Amino acid sequence: MELRFRNTLTGEIEPFEPIEEGKVGLYHCGPTVYARPHIGNHRAFLFADLLRRVLEYAGFEVTQVMNLTDVGHLTDDADEGEDKLEKRARREKIDPWDLVEKVSESFFTDLASLAVMPAHHYPRATGHIPEMLEMVCALIEKGNAYQVGEDVYFHVPSFAKYGRLSGNKVDNLEAGARLEVNPDKKHPSDFALWKSDPDHLMKWESQFGPHGFPGWHIECSAMSRKYLGDRFDIHTGGEDNIFPHHECEIAQTEALIEKSWVSTWMHTRFLQVDGGKMSKSVGNVWTLDDVQERGFSPLDFRFFVLRTHYRGAMNFTWEALKGAAEARRNLADFKGRLEASAHGAVNEGVCARIDEARELFQAALAEDLNASAALAVLFDLRSDFLQGDLKTAEEASAALSFLLEVDGVFGFLGPDEGIISLSDEEVESLIAEREEARQSKNFQRADELRASLMEAGIVLEDVAEGIRWHRI
RNA sequence: GCCGGCAUAGCCAAGUGGUAAGGCAAGGGAUUGCAAAUCCCUCAUCCCCAGUUCGAAUCUGGGUGCCGGCUCCA
């Protein structure tokens with residue numbers, strides 16, 4: 001598979017070439033753990049998961065890192081703002097450290113229910129203060145940063161390429177800036193690497209003073225460097241991260257290492273709800289709990305998100321989720337049908353139809369993760385099967401192993417959760433009982449038996465030749 | 001005001017120069033004791049206007065609408 005990805009840095013879809021052959025370093029901007037993640041957040045995490053799985057499917061050895069921001073972000077850039085994490089903690093009258101624990105836990109619970117593969121590292125900002133301070137000091141020594149009182153700022157004019165990622169010009173930013181001028185800064189675009197505030201609850205002592213905490217962007221630079229090295233392959237985040245967050249990360253890191261840092265930047269579009277942005281005032285900031293309360297599986301949401309292209313503006317509606325859930329069920333049903341007629345494992349090459357499907361599938365994924373096109377291949381295969389193709393045991397086996405291969409990338413099937421397991425004998429006996437009921441025109445009893453088998457994940461079909469059944 | 005991006009059927013969504021994938025929903029028919037199972041059939045000219053071209057959803061220009069960024073946010 002020759003992978004090609006859209007690189008925000010160049011605006012183009014370009015061939016992916018790892019820095020080190022066969023290996024990929026992946027870094028994702030994770031959640032700020034001050035509030036339960038909503039479905040919009042999850043789009044970005046699901047995208048990260050898909051990317052990782054596709055890279056592994058293509059044969060790369062992946063090291064995946066996702067940070068947890070658990071300190072430091074201010075509610076505005078005027079340096080007067082409150083840390084939103086502390087603000088939330090105060091409102092809920094709990095300790096900020098406890099809030100972090102509580103939210104982090106819900107984050108990981110959500111990821112697990114979405115069948116997201118665990119990253120190799122989930123570094124927390126508060127666990128890497130020394131690494132950040134080390135970078136801050138090095139930047140001062142190199143002349144890219146300066147200290148004012150107990151604060152430290154990165155001097156943007158010292159980094160010529162600032163604005164390359166976002167397309168912003170420093171001059172334009174000044175023109176439209178709504179932020180109040182901070183007299184401490186040498187340049188209005190300069191950003192904080194280290195701040196001091198005695199009232200801050202989460203603070204650390206350092207060479208700059210006793211009450212400091214890290215600035216907005218330094219954590220990602222310091223932590224990615226620790227786990228992935230000076231340079232790595234892919235950095236992702238939501239589109240809102242492009243500026244200023246990622247622009248600033250590039251500036252401070254490249255100023256330090258004096259070479260180009262991340263090869264490919266990938267950003268997901270925001271998830272829209274009912275055609276617009278989600279907002280608390282409209283009341284459509286849904287979480288996975290809402291999804292489940294409405295009778296959907298988190299995997300339905302996973303499938304809904306991953307069947308579309310990560311860069312497209314996707315619109316969440318309950319109707320659309322219903323459609324995705326239905327489609328997912330149909331694929332699970334397809335799996336069950338294949339299992340019922342497959343026998344034994346097969347090697348590639350035994351079924352041309354499947355090999356062709358695999359090629360189409362891989363080609364679609366390789367072209368900047370065209371998930372919609374990739375999954376269409378699977379639906380086509382399902383149609384073929386239901387129409388009577390692929391009916392030999394060998395063909396069904398080949399189709400089944402391909403389906404499982406696809407699921408290895410998309411992960412929508414999940415475990416056979418909550419289904420009462422019946423042995424084949426038990427199923428056959430219940431079917432026989434239903435047949436007796438049908439013979440004696442006791443259709444109420446027959447339908448009860450069919451319904452209970454359905455509950456157990458067994459689908460019955462009354463066809464001309466008799467009764468056919470398969471598991472879902 | 002400045003910088004990005006998007007606009008395809010009832011809904012979700014591929015397609016980036018050769019005459020509209022796929023899913024869901026819907027309608028008609030087959031099968032069935034019935035059926036949520038299955039099969040067959042039906043369902044768009046691609047936001048608007050003007051260009052380029054033999055030919056455009058796909059390129060160019062101008063609109064309109066929406067999303068993101070310029071302030072923390074996936």
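Note that the coordinates shown come from a computational prediction; the quantities given were computed from them, not determined experimentally. Throughout, a chain's letter reflects where its sequence line sits, starting with A, and its residues are numbered from 1.
- A salt bridge is defined here as a Lys NZ or Arg NE, NH1 or NH2 lying under 4.0 Å from an Asp or Glu carboxylate O, and A:E433 with A:R445 meets this definition.
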I'd like a table of donor-acceptor pairs (distance under 3.5 Å, sequence neighbours excluded) in which one partner is a side-chain atom from residues 313-325 of chain A, with atom names and distances.
{"from": "A:N315", "atom 1": "OD1", "to": "A:D274", "atom 2": "N", "distance (Å)": "3.2"}
{"from": "A:N315", "atom 1": "OD1", "to": "A:G275", "atom 2": "N", "distance (Å)": "2.7"}
{"from": "A:T317", "atom 1": "OG1", "to": "A:A320", "atom 2": "N", "distance (Å)": "2.9"}

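- Spacing of P atoms, B:A7 relative to B:C12, comes out at 13 Å, to the nearest Å.
- Taking atom C1' on both nucleotides, B:G18 is separated from B:G65 by 30 Å, rounded to a whole Å.
- Listed candidates were B:C12, B:U38, B:A74. Nearest to the side chain of A:A320 is B:C12.
- Using a 3.5 Å distance cut-off with no hydrogens or angles, the side chains of A:N168 and A:Y162 do not pair a donor with an acceptor.
- Comparing the P positions of B:A44 and B:A9 gives an interatomic distance of 12 Å, to the nearest angstrom.
- Here the separation of B:C67 from B:C47, taken at their C1' atoms, is 16 Å to the nearest Å.
- Using a 4.0 Å cut-off, some side-chain N or O of A:T32 falls inside it from OP1 or OP2 of B:A74.
- When Watson-Crick and G-U wobble pairs are counted only if both distances are under 3.5 Å, B:A44 pairs with no nucleotide at all.
- A straight line from CG of A:D274 to P of B:C67 spans 12 Å, rounded to a whole angstrom.
- Residue A:G30 is in sugar-phosphate contact alone, with no base atom involved, counting any heavy-atom pair closer than 4.0 Å across all strands shown.
- On the C1' atoms, B:U8 is 16 Å away from B:U19, given to the nearest whole Å.
- Remark: A:N330 is in phosphate contact with B:C24, judged by side-chain N or O atoms under 4.0 Å from OP1 or OP2.
- Taking for each of A:H470 and A:Y310 the nucleotide of RNA chain B with the nearest heavy atom, the 5'-most of the two is the partner of A:Y310.
- When both pairing distances are held under 3.5 Å, B:G68 makes a Watson-Crick or G-U pair with B:C3.
- Of the listed nucleotides (B:A74, B:C67, B:C72), B:C67 has the atom at the smallest distance from the side chain of A:R269.
- Nucleotide B:A35 holds its P atom 12 Å from the CG atom of A:D462, rounded to whole Å.
- In this structure, A:W265 has its ring center under 6.0 Å from that of A:H246.
- The nucleotide whose nearest atom lies closest to any side-chain atom of A:R307 is, among B:G10, B:C70, B:G23, B:G23.
- The side chain of A:K277 contributes an N or O atom lying less than 4.0 Å from OP1 or OP2 of B:G68.
- Between the P atoms of B:A35 and B:G68, the separation comes to 47 Å (whole Å).
- Among B:C24, B:C11, B:U38, the nucleotide with an atom closest to any side-chain atom of A:A327 is B:C24.
- Salt bridge status for A:D333 with A:R328: absent, with no side-chain N to carboxylate O gap under 4.0 Å.
- Note: A:F410 and A:F303 fail the aromatic proximity criterion, with ring centroids not under 6.0 Å apart.
- Dashed line: the shortest gap from a side-chain N or O of A:Q272 to OP1 or OP2 of B:G68 is not under 4.0 Å.
- Under the Watson-Crick or G-U wobble criterion, with both distances below 3.5 Å, B:A30 is paired with B:U38.
- Aromatic ring centres of A:F45 and A:F107: separated by under 6.0 Å.
- Residue A:E359 places its CD atom among 12 or fewer non-hydrogen atoms of other residues, nucleotides or ligands, all under 6.0 Å distant.
- A:F379 does not qualify as a stacking partner of the B:G23 base, lacking a centre-to-centre distance under 5.5 Å together with planes within 30°.
- Rounded to a whole Å, the CZ atom of A:R311 is 15 Å from the P atom of B:A13.
- With centres under 5.5 Å and a plane angle under 30°, the ring of A:F443 is stacked against the base of B:G33.
- A salt bridge between A:R53 and A:E405 is absent, with no side-chain N of the basic residue lying under 4.0 Å from a carboxylate O of the acidic one.
- Toward the 5′ end of RNA chain B lies the nearest nucleotide of A:F304, the other residue of the pair A:F304 and A:M454 mapping further downstream.
- Using a 4.0 Å heavy-atom distance criterion, A:M66 is classed as making no nucleic acid contact.
- When Watson-Crick and G-U wobble pairs are counted only if both distances are under 3.5 Å, B:U53 pairs with no nucleotide at all.
- Near-neighbour residues of RNA chain B inside residues 2-15 of chain A, defined by a heavy atom below 4.0 Å, are absent.
- The aromatic rings of A:H42 and A:F301 sit perpendicular, their planes meeting at an angle over 60°, well past the 30° parallel limit.
- We find that CG of A:L449 is positioned 19 Å from P of B:C34, with the value rounded to whole Å.
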Review item, nucleotides 15-19 of chain B N/O atoms under 3.5 Å of protein N/O:
{"from": "B:G15", "atom 1": "OP1", "to": "A:N370", "atom 2": "ND2", "distance (Å)": "2.9"}

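- Comparing B:U53 with B:C11, their C1' atoms are spaced 35 Å from each other, to the whole Å.
- No hydrogens or angles were tested; on distance alone, nothing pairs the side chain of A:R438 with the base of B:C34 as donor and acceptor under 3.5 Å.
- As rounded to whole Å, 15 Å separates atom P of B:G69 from atom OH of A:Y162.
- Using P as the reference atom, B:A74 and B:G5 are 23 Å apart when rounded to the nearest Å.
- Taking the ring centroids of A:F232 and A:Y227, they lie at or beyond the 6.0 Å cut-off.
- Taking atom CD on A:E247 and atom P on B:G4, their separation rounds to 12 Å, with Å as the unit.
- Distances were taken from every side-chain heavy atom of A:T317 (C-beta onward) to each of B:G68, B:C34, B:C11; the shortest belongs to B:C11.
- More than 12 heavy atoms of other residues, nucleotides or ligands sit less than 6.0 Å from atom CD of A:E461.
- Per the geometry, CZ belonging to A:F270 stands 7 Å off P belonging to B:G68, to the nearest Å.
- Among the heavy atoms of the strands lying under 4.0 Å from A:N315 are primed sugar atoms or P, OP1, OP2 only; no base atom is included.
- Within the structure, every side-chain polar atom (N or O) of A:N168 is placed at least 4.0 Å from both OP1 and OP2 of B:C70.
- Residue A:R434 places a side-chain atom within donor-acceptor reach of the base of B:G33, judged by atom type and a 3.5 Å distance cut-off alone.
- Look at A:R164 and you won't find any side-chain N or O under 4.0 angstrom from OP1 or OP2 of B:C3.
- Classification of the A:F402-A:F361 ring pair by plane angle, with boundaries at 30° and 60°, yields perpendicular.
- Across all strands, A:G237 comes closer than 4.0 Å only to sugar-phosphate atoms, never to a base (heavy-atom distances).
- At a threshold of 4.0 Å, the pair A:D289-A:R36 counts as salt-bridged, since one of the basic side-chain nitrogens sits closer than that to a carboxylate oxygen.
- Distance, A:L271 CG to B:C73 P: 18 Å, rounded to whole Å.
- Across all strands shown, B:A9 has no partner, as no Watson-Crick or G-U wobble contact with both distances under 3.5 Å is found.
- For A:R337, the listed nucleotide lying nearest its side chain is B:A37; candidates were B:A37, B:C11, B:A35.
- Listed candidates were B:G23, B:A35, B:A13. Nearest to the side chain of A:R450 is B:A35.
- An OP1 or OP2 oxygen of B:A74 is reached within less than 4.0 angstrom by a side-chain nitrogen or oxygen of A:N41.
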